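These notes are about the structure you will find just below.
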Amino acid sequence: MSFQAIKTLRFLGLFLILLLHSAAMAATPKTPVSVPFRNNYVASWGADHIKEFHGGRKVELLLNKQYGAGFESKGTYLFGHFSMQIKLVPGDSAGTVTAYYLSSQTAEHDEIDFEFLGNRSGQPYILQTNVFTGGKGEREHRIYLWFDPTKDYHSYAVLWNMYQIVFFVDSVPIRVFKNCKDLGVRYPFNQPMKLYSSLWNADDWATRGGLEKTDWSKAPFIASYEQFHVDACEASAPQSACATQGRRWWDQEEFRDLDGRQWRYLKWVRKQYTIYNYCTDTSRNAKMPPECVRDRDNI
């Protein structure tokens, strides 16, 4: 796809988003409530490459040739709604990866991933999502975005309940992963997860399969964060075991599936912006995996 074609799609995408947002969606998650960074997060590595501003309302991660940085949540969570606003590395970001994900700390771990793959100047970022269950991943989706994610902050969110995992970009669902335990597919159901984010060098694979290397003359690379939000069952809290499971807002019927408007959003993303979907990769799957059918990846 040419850069001009991508610019045209971005313009049309913004127009459609404005049009669709003229009416509220019935099953939109609750409005995020921002709290300072240190309320929920600590540095996990590269602490001196994490810069806080405005009392922790804004955070920057820095990457240079020596190392990058990462942070993690203080608590572990079992279901809920997670979001933050991110402004990605501008300019020539080839070789860099900004990751934002939930992960358990077990041998057969569960994981819910956003990975933003940098690119040469003027070329679009690629957003890769993945879901690991019981240690098994290889469920990659890759999309372009309908805006330039380096120009301003945009919201990236996960809704995770007993029925589905939904990835959102600015309230637009870009992916759904349904609970398919009845079809023999494991689902993140009983392993509490921490929330992580990091900025790191991955020029052995991130940009054009590793063909494009990080240009260290452009360092430091900076990813910026704000609007830190967690509304979840904190499994690590003293009173926990998540005794209220099944009674939280995200467990209610309207959040057990996408509504009609959200399915139309998702279909639009799949048609206009998806560049790879493991569900439709016949070189990997002779038959579409059962979870993909339930997720309507065949439509």
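From a predicted model like this one, the values you see are computed outputs, not experimental measurements.
- A salt bridge links Arg270 and Asp297; the closest N-O separation between the charged side-chain nitrogens and carboxylate oxygens is under 4.0 Å.
- In plain terms, the two heavy atoms of Leu266 and Arg175 that are nearest each other are CD1-N, 3.6 Å.
- Using bins of under 30°, 30° to 60° and over 60° for the plane-to-plane angle, the ring pair Tyr187/Phe177 lands in the parallel bin.
- Not less than 6.0 angstrom separates the ring centroid of His141 from the ring centroid of Tyr276.
- Note: Asp152 CG to Ile86 CD1 = 13.0 Å, rounded to the nearest 0.5 Å.
- Relative ring orientation between Trp146 and Trp268 is described as tilted, the plane-to-plane angle lying within the 30° to 60° band.
- Met288 forms part of a hydrophobic cluster together with Val293, judged by ILVMFWY side-chain heavy-atom separations under 4.5 Å.
- No side-chain heavy atom of Met84 sits less than 4.5 Å from a side-chain heavy atom of Val59.
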Dump the intermediate steps for ring-ring contact (aromatic ring centres under 6.0 Å, His included) on Tyr77 and Phe82, then the final yes or no. CA-CA 10 Å; Tyr77 305 99; Phe82 312 85; 5.7 Å; yes
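- Looking at Arg120 and Asp92, a side-chain N of the basic residue comes within less than 4.0 Å of a carboxylate O on the acidic one, giving a salt bridge.
- In terms of heavy atoms, Phe167 sits closest to Asn130 at CZ-O, 3.9 Å.
- Within the 4.5 Å cutoff, the side chain of Phe255 has heavy atoms near those of the Trp249 side chain.
- Here the closest non-hydrogen pair linking Ser224 and Ile222 is OG-CG2, 4.0 Å.
- Aromatic ring pairs are classed by plane angle as parallel below 30°, tilted from 30° to 60° and perpendicular above 60°; the pair Phe189 and Phe79 is perpendicular.
- A donor atom on one side chain and an acceptor atom on the other are found under 3.5 Å apart for Asp48 and Tyr67.
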Salt bridge (charged side-chain N to carboxylate O under 4.0 Å, His left out) assessment of Asp215 paired with Lys218: CA-CA 6 Å; Asp215 182 354; Lys218 303 295 195 299; 2.8 Å; yes
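- Tyr125 and Val269 fall within the same hydrophobic cluster, where Ile, Leu, Val, Met, Phe, Trp and Tyr residues are linked whenever their side-chain heavy atoms come under 4.5 Å apart, directly or through other members.
- Side-chain rings of Phe228 and Phe37 approach one another, their centers coming within less than 6.0 Å.
- Lys58 and Glu60 are joined by a salt bridge, as a carboxylate oxygen and a charged side-chain nitrogen come within less than 4.0 angstrom of each other.
- In terms of heavy atoms, Val97 sits closest to Glu115 at CG1-CB, 4.4 Å.
- Contacts classified as side-chain hydrogen bond (donor to acceptor under 3.5 Å, both in side chains) and involving residues 188-200 (residues at least two apart or in different chains) are given here: Glu72-Lys194, Ser104-Gln191, Gln105-Tyr196, Thr106-Gln191, Asp110-Gln191, Ser197-Tyr225.
- Aromatic ring pairs are classed by plane angle as parallel below 30°, tilted from 30° to 60° and perpendicular above 60°; the pair Phe114 and Tyr100 is parallel.
- Under the 4.0 Å criterion applied to side-chain N and carboxylate O atoms, Glu108 and Arg186 are assigned as salt-bridge partners.
- Contact record, Ile50 with Trp45: CD1-O, 4.2 Å, taken as the closest heavy-atom pair.
- For the pair Glu291 and Arg139, the salt-bridge criterion is met [side-chain N within less than 4.0 Å of a carboxylate O].
- Counting heavy-atom neighbours within 6.0 Å of Lys267 NZ, excluding the residue itself, gives a total of 12 or less.
- Environment of CZ in Arg38: sparse, with no more than 12 heavy atoms of neighbouring residues, nucleotides or ligands closer than 6.0 Å.
- When all heavy atoms of Asp251 and Asn161 are compared, the closest pair comes out as OD1-CB, 4.1 Å.
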